[in-house]
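All remarks here apply to the structure that follows.
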Amino acid sequence: MKSHTNGRGGFTLIELIVVIVIAGTLSSVAVVRYRDLRSATRQAVTKESLAAMRSAIVLYQTAQAVQTGTPRWPTYAQFRTPGTVLVGKLPPNPYQATNRAPDSVINGNSFPKGRTRGNRGGWVYKQSTGEIWANTTTSRSNTW
């Protein structure tokens with residue numbers, strides 16, 4: 001019988017290290033791309049939600065102008081009430097954790113656009129100008 005000690009029976013340590021380094025490099029690239037994709041998705045959802053809410057606010061103001069002759073922005077209470085300005089309930093703020101009320105609205109009449117208040121999350125609505133923005137400081141979400 002011939003011994004198999006002269007033949008190659010497995011991978012060398014160098015080959016294993018090379019494979020591990022290549023796998024690690026590929027996975028690190030994939031993680032970075034996943035984070036970028038997640039960030040881009042949050043930004044897109046935030047912009048879409050803000051655009052929908054802004055359109056609803058302008059439509060409400062226009063309807064008020066036609067019905068009463070005086071264009072008025074919806075009040076803070078009207079904006080928060082489902083079915084008054086928005087057809088359904090407020091969309092959640094994708095930058096905010098669900099345990100921090102991501103679908104709430106904070107009255108923004110006392111501070112300038114882009115500023116956040118507390119860590120509650122959700123949205124900020126300023127009745128005096130009809131402006132709305134995200135109440136989070138993550139990324140650039142509060143400046144759109």
Side-chain angles (χ1 to χ4, degrees), residues 1-66 71-144:
M1 288 187 102
K2 217 174 183 186
S3 170
H4 289 291
T5 56
N6 292 343
R8 210 165 166 177
F11 296 106
T12 65
L13 182 59
I14 297 296
E15 291 171 332
L16 289 173
I17 289 173
V18 168
V19 168
I20 290 171
V21 167
I22 290 171
T25 303
L26 290 174
S27 67
S28 67
V29 168
V31 166
V32 169
R33 291 194 185 250
Y34 173 73
R35 285 185 189 154
D36 289 345
L37 179 63
R38 208 171 142 198
S39 176
T41 302
R42 282 183 174 173
Q43 288 178 7
V45 169
T46 303
K47 287 179 181 179
E48 180 184 332
S49 296
L50 285 169
M53 289 186 287
R54 288 172 179 152
S55 292
I57 291 167
V58 169
L59 286 173
Y60 180 89
Q61 182 199 34
T62 304
Q64 288 298 308
V66 169
R72 288 191 313 250
W73 299 111
T75 65
Y76 175 69
Q78 289 170 326
F79 183 74
R80 292 181 62 209
T81 305
T84 305
V85 177
L86 298 170
V87 174
K89 64 180 190 171
L90 289 164
N93 180 337
Y95 284 101
Q96 193 64 36
T98 55
N99 64 348
R100 297 260 175 123
D103 59 348
S104 67
V105 180
I106 295 170
N107 190 336
N109 284 334
S110 61
F111 54 103
K113 182 178 180 183
R115 289 268 176 96
T116 60
R117 178 177 283 176
N119 62 359
R120 182 176 175 87
W123 310 100
V124 179
Y125 173 63
K126 190 170 192 171
Q127 177 187 339
S128 59
T129 60
E131 295 175 294
I132 187 163
W133 62 92
N135 189 41
T136 50
T137 56
T138 306
S139 185
R140 300 176 340 155
S141 62
N142 61 340
T143 59
W144 292 315

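Just so it is clear, the values below take in all heavy atoms, side chains as well, and ignore hydrogens, waters and symmetry mates.
Across every non-hydrogen atom of Val105 and Tyr125, the tightest pair is CG1-CB, 3.7 Å. Taking every heavy atom of both residues into account, Leu86 and Ala56 meet most closely at CD2-CB, 3.5 Å. Closest heavy-atom contact between Val45 and Pro94: CG1-CG, 3.7 Å. Minimum heavy-atom separation, Val85 to Pro74: CG2-CB, 3.5 Å.
Atom CE of Met53 and atom CZ of Phe79 lie 5.5 Å apart (nearest 0.5 Å). Distance check, rounded to the nearest 0.5 Å: CG of Leu90 to CH2 of Trp123 gives 9.0 Å. Between the CZ atom in Phe111 and the NZ atom in Lys126 there is a gap of 8.5 Å [rounded to 0.5 Å]. Rounded to the nearest 0.5 Å, atoms CH2 (Trp133) and OG1 (Thr116) are 10.0 Å apart.
In this view, Arg117 and Ser110 satisfy the side-chain hydrogen bond (donor to acceptor under 3.5 Å, both in side chains) rule, not counting sequence neighbours. Under the rule for a side chain to side chain contact (heavy atoms under 4.5 Å, CB included), the partners of Gln96 that lie at least two apart in sequence or sit in another chain are Asn93, Arg100, Pro102, Thr136. Partners of Ile22 according to the side chain to side chain contact (heavy atoms under 4.5 Å, CB included) rule, which considers only residues two or more places apart in sequence or in another chain, are Val18, Leu26. Under the side-chain hydrogen bond (donor to acceptor under 3.5 Å, both in side chains) criterion, Thr75 pairs with Gln78, sequence neighbours left out. Remark: Ser104 pairs with Ala101, Arg120 by the side chain to side chain contact (heavy atoms under 4.5 Å, CB included) rule, at least two apart or across chains. When the side-chain hydrogen bond (donor to acceptor under 3.5 Å, both in side chains) test is applied to Thr129, the partners found at least two apart in sequence or on another chain are Glu131. For the side chain to side chain contact (heavy atoms under 4.5 Å, CB included) test, residues two or more places apart in sequence or in another chain that qualify with Ile17 are Leu13, Val21.
Not one N or O on the side chain of Ser49 forms a donor-acceptor pair closer than 3.5 Å with the backbone of Thr46.
With contacts defined as side-chain heavy-atom distances shorter than 4.5 Å, the pair Arg54/Ile132 qualifies.
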